[in-house]
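Below is one structure, written out as structure tokens; the observations come after it.
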Amino acid sequence: MALARAKRVTVQEWTLAVRSGAAIPIPTPVGIDFETFYTSSYSVSQMGNVAYTHDRRFNAWAVSVTDGARTCVCLPAEFPWGTIAGREWVSHNREFDEAVFLRLVELGTVPRDVRPVRWFCSAALCAYLQLPRELAGAAKAVLGVTVDKGARERAKGRDREPDLFGHSAEDEAYAATDAEAALALWLELERYWPEHERRLFDLTCQMGHYGVAVDWGYVEANLAELNETVEGLSRALPWSPALSIPRFEEACVALGTPPPRSTSATDPEFQDWAHENQRSEAVTWARHMQRIRSANRTAKVLEGMQARRMPDDRPYSAGPTAGRPTRSRRMVYELKYFGASTGRWAGGGGLNMQNYNRKPAEGVDLRRCLVAPPGFVLAVVDYSQIESRVLLFLAGDVATLEMFRANPEADAYEIHARATMGYSEAEPLREFCDRTAAGIRQLAKARVLGLGFGCGARRFVEVAKVMAGLTIGEAESERIVREFRESNPKIVTLWQNLNDACASRDGGNYVLPLPCTQVNPELKRFLVYRGVLAKKDGITCTVGGDRITVYGGLLAENWTQATARDVLASAWLRCEAAGYRPVLSVHDELVFEVPEASAEEDLRRIVEIMEMPVPWAPGLPLRADGTLCAVYGK
DNA sequence: GTGTAGGGCGCG
DNA sequence: AAAGCGCGCCCTACAC
């Protein structure tokens with residue numbers, strides 16, 4: 001076992017081995033892992049890497065470095081950094097270890113000229129391969145070894161002065177194992193990670209480091225106001241804590257009002273309850289709670305932004321303050337490469353940039369906080385209904401795809417209405433519906449959004465209400481679902497085929513290749529469903545360490561989402577190659593800062609690049625819409 | 001005290 | 001036959 005082979009050495013032994021040429025054979029990277037102090041309230045998961053490493057409590061109490069044969073664990077100040085400078089390094093969660101390292105350089109703990117030639121991330125690699133992202137899980141799954149993740153646990157509560165606690169041999173052993181596991185995972189799996197995906201990972205990290213410009217005045221003013229709103233609303237509730245559902249239910253009972261099944265603003269059960277009890281004070285209380293939760297969330301996002309403000313930068317404009325450091329107008333953030341099993345990026349680092357409210361909450365517009373820096377405008381470009389189009393592509397519905405191509409101004413709802421609902425007017429569907437007050441577009445929207453992935457009639461009643469604002473009964477829902485399936489036989493066949501293919505892998509793994517694999521087998525990408533068990537009542541398997549039930553519609557959805565992700569990834573790389581680097585990416589959308597002077601032309605070119613057909617999906621019609629704006633979301 | 005589960009609020 | 005899916009973070013309750 002790779003991990004057992006490494007021998008623990010002292011700093012002197014390590015240095016000697018490197019000087020004699022015994023250590024770190026040239027093509028081999030070194031595994032490197034920092035151990036740092038943290039508590040429940042002071043942690044990297046809440047604060048993000050930059051804020052965490054710049055906090056006054058920051059303390060790196062050990063570094064472990066391994067070449068696979070020998071491992072050295074010591075204080076960062078004691079490590080002979082010259083022995084690994086200019087080499088390739090590997091860490092599990094590179095962004096964290098890199099932030100620690102850069103901070104130690106900044107603090108003078110590590111010499112200024114030490115740099116790796118490249119720094120790899122075994123966690124990103126594991127995520128790409130749909131293995132557990134977390135070190136212990138990945139080591140277990142890939143190497144078959146148990147890595148105790150206790151080192152960091154034991155670091156909690158420790159005095160921040162490294163001299164005062166003197167870490168135990170056991171602590172050091174765990175620190176060593178983390179570095180060894182990272183290196184072993186990298187060496188074992190590295191060849192399965194294609195070059196363009198590594199590039200996407202690096203671009204993702206760089207994008208977050210570059211960050212976004214923020215209107216800090218707007219953030220500050222609204223944060224104060226939101227906190228007042230929360231306090232005021234909380235005081236109006238006759239119990240505490242304000243968001244306690246048991247206390248709320250007790251208050252309902254005392255009032256003689258039956259408590260609702262849900263207190264969620266968007267839950268249909270709550271809406272029905274609120275309507276039935278509209279004269280009861282309980283409804284007022286519930287709405288207060290909803291406003292508190294919403295205001296609270298918004299306030300927390302604003303606080304998260306403030307915590308990630310970059311320490312300083314130089315003013316953009318010339319003038320008396322030019323060149324003098326000022327408080328930065330930018331904010332750093334993190335995006336998790338391959339955060340979803342389908343490959344989509346996910347929010348991370350304590351602040352999720354991918355779920356900012358689209359509409360103001362309590363009068364506060366979160367998107368309005370993100371702005372273009374002076375001299376620039378934001379170019380926001382997103383794909384139109386990309387998943388609906390990809391689903392048709394994967395189902396092989398060539399005829400419907402051809403309608404997209406022939407009718408580039410029409411959206412997916414109109415195409416669906418024309419293809420399967422008998423709509424045949426010459427005028428665009430939206431105009432027709434506006435003119436005649438017909439409901440066909442809403443129904444088409446509900447069908448497209450709700451029925452493509454196997455949703456049944458009972459569930460569709462709610463889906464139609466939430467997605468398209470349609471109120472339908474059970475019988476009507478059944479009719480719509482049946483009619484959809486009859487008129488979209490290719491989609492239904494896709495569900496069945498995927499279901500059968502997965503079930504046929506009973507006892508093994510189901511590997512579903514993505515379209516990008518078709519053209520260039522070197523660039524393989526798959527969805528992997530491990531440990532398939534096909535029983536009479538359904539199929540179960542393991543995805544990302546969790547046991548889940550799968551069915552045809554779900555497989556179709558996963559396949560679609562993953563393929564749409566590849567379309568965006570491909571566009572991101574093409575934009576990058578053309579000199580356009582996004583500052584943010586949200587699933588089907590890229591946001592750029594473009595100079596005011598060339599904004600129109602830049603936007604036109606970006607849209608053009610994003611709409612370029614992808615070689616591995618011939619016949620997939622792509623449509624991108626772009627807008628220029630001074631603030632995000634306008 | 002810590003860890004976790006569930007409800008809730010957001011997004012594509 | 002039927003089943004929308006994919007995420008993250010905050011708050012509260014509760015078991016340990």
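Naming: A, B, ... by sequence-line order, numbering from 1 per chain.
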Please work out if A:Arg367 contacts a base, only the sugar-phosphate, or nothing of the nucleic acid, heavy-atom cut-off 4.0 Å.
-> sugar-phosphate
Under 4.0 Å between any heavy atoms, over every strand shown, what does A:Gln290 touch: base, sugar-phosphate, or nothing? Just pick one.
-> sugar-phosphate
Tell me whether the OP1 or OP2 atom of C:dC7 has a side-chain N or O from A:Asn352 closer than 4.0 Å.
-> no
Whether over 12 other heavy atoms sit under 6.0 Å from A:Arg547 CZ = yes
A:Gln561 has a side chain; which of B:dG12, C:dC7, B:dG10 sits nearest to it?
-> B:dG12
How is A:Ala457 classified with respect to the nucleic acid when contacts are heavy atoms under 4.0 Å: base, sugar-phosphate, or nothing?
-> sugar-phosphate
Which is true for A:Gly343 with a 4.0 Å heavy-atom rule: it touches a base, it touches only sugar-phosphate, or it touches nothing?
-> nothing
Produce the list of close N/O pairs, under 3.5 Å, pairing protein atoms with atoms of nucleotides 13-16 of chain C; give distances to one decimal.
from: C:dA13; atom 1: OP1; to: A:Ser244; atom 2: OG; distance (Å): 2.4

Describe the nucleic acid contact of A:Asn296 in one word from base, sugar-phosphate, nothing, applying a heavy-atom distance below 4.0 Å.
-> sugar-phosphate
Just call it for A:Gly347: base, sugar-phosphate, or nothing, with non-hydrogen atoms closer than 4.0 Å on any strand.
-> sugar-phosphate
Short side-chain N/O contact from A:Arg358 to OP1 or OP2 of B:dG12, under 4.0 Å = yes
Identify whether any heavy atom of A:Thr560 sits under 4.0 Å from a base atom; if not, whether one sits that close to sugar-phosphate; answer base, sugar-phosphate or nothing.
-> nothing
Identify whether any heavy atom of A:Gly350 sits under 4.0 Å from a base atom; if not, whether one sits that close to sugar-phosphate; answer base, sugar-phosphate or nothing.
-> sugar-phosphate
For A:Arg344, answer base if it contacts any base atom (sugar-phosphate contacts may also be present), sugar-phosphate if it contacts only those atoms, and nothing otherwise; contact means non-hydrogen atoms under 4.0 Å.
-> base
A:Ala340 has its side chain closest, among B:dG12, C:dC7, B:dG10, to C:dC7
Which ones in residues 259-273 of chain A lie close to DNA chain B, meaning a heavy atom under 4.0 Å from one of its atoms?
-> A:Ser262, A:Thr263, A:Ser264, A:Ala265
Could you tell me whether A:Gly452 contacts a base, only the sugar-phosphate backbone, or nothing, with contacts defined as non-hydrogen atoms closer than 4.0 Å?
-> nothing
What pattern of brackets, bars and dots sums up DNA chain C from 5' to 3', given Watson-Crick or G-U wobble pairs under 3.5 Å, [ ] for crossing pairs and | for another strand?
-> ....||||||||||||
